[in-house]
Amino acid sequence: MDQEFKFPAGFYWGSATSAYQVEGEVENNDWAEAARQGKVPPAGRACDHYNLYEKDFDIIKSLSQNAHRFSIEWARVEPEEGKFDEAEIEHYRKVLRALRERGIEPFVTLWHFTLPIWFVRKGGFESKKAPFYFSRYCEYVVKNLGQGSGIPKFWITINEPMVFANMGYLDGNWLPLKKWYYPLSLFRYLGVVKNMITSHNAAYVKIKAVNPAFQIGITTDNISFESSANPFNYLLAKFLIWFQNHRFLRKIYGRQDFIGLNYYFHKKFGDKKQYEKSDLGWDIYPKGIYNVLMELKRYHKPVYITENGIADAKDMKRAKFIKDHLYWIKRAIDDKIDVRGYFHWSLLDNFEWPWSSLPSSNFGLPDGFRPRFGLVEVDFKTMERRIRPSAYEYKKICETNS
Ligand code: FCB
């Protein structure tokens with residue numbers, strides 16, 4: 001039988017998406033360009049969320065979620081360097097109003113992996129000028145969306161900088177698809193991380209100048225590293241905790257009001273145990289979320305779980321997955337980590353990035369649409385939505401805050 005645990009009053013319960021993964025018909029960013037060249041799977045119409053957002057927010061409301069995390073597509077808002085598209089800003093104003101009308105608190109991500117083509121031509125985050133371009137874009141959005149009836153309070157500048165740098169420059173499977181020989185790649189990777197730190201810090205200053213009450217952070221994809229007693233494994237885990245989980249957060253220490261934590265992965269060195277897996281072959285290891293939360297104690301900041309989810313097309317594992325992770329989140333709250341919200345990834349089945357673990361079996365869909373992360377199933381031909389049973393289980397949690 002399930003045990004019941006109460007969450008703190010005012011806890012945010014929601015789900016998350018990102019623009020390129022759900023909106024559809026974004027043609028002027030780096031991923032769309034690479035898809036046209038056959039280098040990555042296309043996102044095409046994705047979930048057509050750009051047009052169907054009101055229906056999707058009705059679903060969120062019907063599921064008793066009181067918050068929603070989504071992202072702005074930089075290439076829509078600034079299609080050419082320094083030229084901003086007012087019509088697109090107006091679109092996102094409507095999105096924000098639609099959330100507010102339904103009593104849903106918006107968490108706005110300013111950048112979630114996809115880049116305008118002009119920015120890439122200028123060197124993207126490899127360029128020393130990246131902080132200037134990035135912070136100018138952030139400032140523009142915040143100035144123009146940070147007024148009026150839909151005004152958001154929570155802003156996320158950068159989604160998972162370490163994943164972006166790692167997948168794009170070391171793994172080389174994601175944009176900008178730049179893998180060199182290892183030592184050279186590593187130098188470029190470190191340069192990109194450094195420029196992203198500076199970009200976040202510059203954006204923080206500019207956003208605070210617009211409104212000091214805005215709450216600003218990044219989302220960080222922290223991995224639960226553990227080891228067997230073997231001293232080499234122990235040191236390796238310690239090093240990686242610092243390198244992957246803390247380095248970026250430490251460099252932006254004074255310039256973050258909260259920490260957005262995304263949790264998907266764990267690694268226990270020297271451990272041969274087999275774990276239950278998602279459709280992507282990722283281990284299911286709920287205790288890991290407790291480990292990575294406890295590592296955040298030293299920052300003394302509020303924490304929001306901005307992503308946590310599972311590719312599970314049959315929806316056999318998702319409800320238990322959510323409950324087991326929430327159990328460990330509650331344990332961390334009891335151990336004095338100030339967790340204030342949980343956003344499940346994702347609201348909808350959507351376009352998924354080309355992880356190397358993408359299974360080769362086919363559900364009759366192009367690569368990017370095989371993993372099914374949604375609380376809500378999407379038929380990519382008809383764009384119909386069907387709420388999965390696990391979403392109703394999650395609804396009970398959102399309703400009772402327990
Ligand atoms: C995270 C990304 C998100 C989604 C999930 C599965 O790393 O932020 O866009 O792809 O993984």
Side-chain angles (χ1 to χ4, degrees), residues 14-24 26 29-32 35 40-43 46-47 49 68-74 107-115 156-171 173-175 196 200 217-224 244-245 248 259-267 277-285 288-289 292 304-313 317-318 321-322 325 342-359 365-376 378 390:
S15 47
T17 62
S18 89
Y20 189 65
Q21 292 178 275
V22 295
E23 283 185 352
V26 181
N29 72 21
D30 55 346
W31 280 81
V40 293
C47 313
H49 177 74
H68 181 59
R69 174 178 172 227
F70 73 99
S71 81
I72 310 271
E73 182 62 43
W74 183 359
F107 278 60
V108 183
T109 310
L110 288 154
W111 180 67
H112 196 122
F113 292 157
T114 53
L115 295 170
I156 292 155
T157 54
I158 297 182
N159 179 67
E160 298 185 350
M162 300 298 282
V163 172
F164 171 79
N166 185 14
M167 297 305 280
Y169 292 88
L170 295 181
D171 181 278
N173 258 338
W174 293 17
L175 272 287
M196 294 178 98
H200 165 84
I218 63 157
T219 61
T220 177
D221 173 75
N222 285 8
I223 299 175
S224 164
Q244 168 74 27
N245 297 353
F248 204 101
I259 296 172
L261 178 71
N262 296 357
Y263 171 69
Y264 292 96
F265 299 109
H266 87 112
K267 176 78 198 160
K277 298 202 188 312
S278 75
D279 292 350
L280 272 171
W282 299 356
D283 285 355
I284 300 175
Y285 186 61
I289 204 165
V292 288
Y304 298 89
I305 309 296
T306 36
E307 281 184 39
N308 169 236
I310 176 169
D312 176 24
K317 300 177 181 170
R318 190 172 285 104
F321 177 98
I322 294 174
H325 282 78
Y342 175 85
F343 293 81
H344 190 74
W345 183 272
S346 176
L347 173 66
L348 304 167
D349 287 343
N350 57 40
F351 170 79
E352 192 47 61
W353 319 105
W355 300 98
S356 38
S357 60
L358 206 64
L365 286 164
D367 271 11
F369 293 96
R370 277 189 239 147
R372 299 290 190 139
F373 275 93
L375 290 166
V376 177
V378 176
S390 58

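In each ligand, atom 1 is the first atom listed, and ligand 1 is the first ligand listed. All values derive from a computational prediction rather than experimental measurement. Hydrogens, waters and symmetry mates are skipped; everything else that's a heavy atom, side chains included, is used.
Qualifying salt bridge (charged side-chain N to carboxylate O under 4.0 Å, His left out) partners for D283, counting only residues two or more places apart in sequence or in other chains: K277. For F321, the ring pair (Phe, Tyr, Trp, His ring centres under 6.0 Å) partners are H325, not counting sequence neighbours. Scanning for ring pair (Phe, Tyr, Trp, His ring centres under 6.0 Å) contacts around H344 gives an empty result, with sequence neighbours left out.
Closer than 4.0 angstrom to ligand 1 sit non-hydrogen atoms from Q21, H112, F113, N159, E160, Y264, E307, W345, E352, W353, W355, F373.
Just one of R370, Q21, R372 meets the side-chain hydrogen bond (donor to acceptor under 3.5 Å, both in side chains) condition when paired with D349; it is R372.
In this structure, the ring of F113 has its center no less than 6.0 angstrom from the ring center of Y20.
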Taking it one step at a time, do Y264 and D221 satisfy side-chain hydrogen bond (donor to acceptor under 3.5 Å, both in side chains)?
CA-CA 8 Å; Y264 292 96; D221 173 75; over 6 Å; no
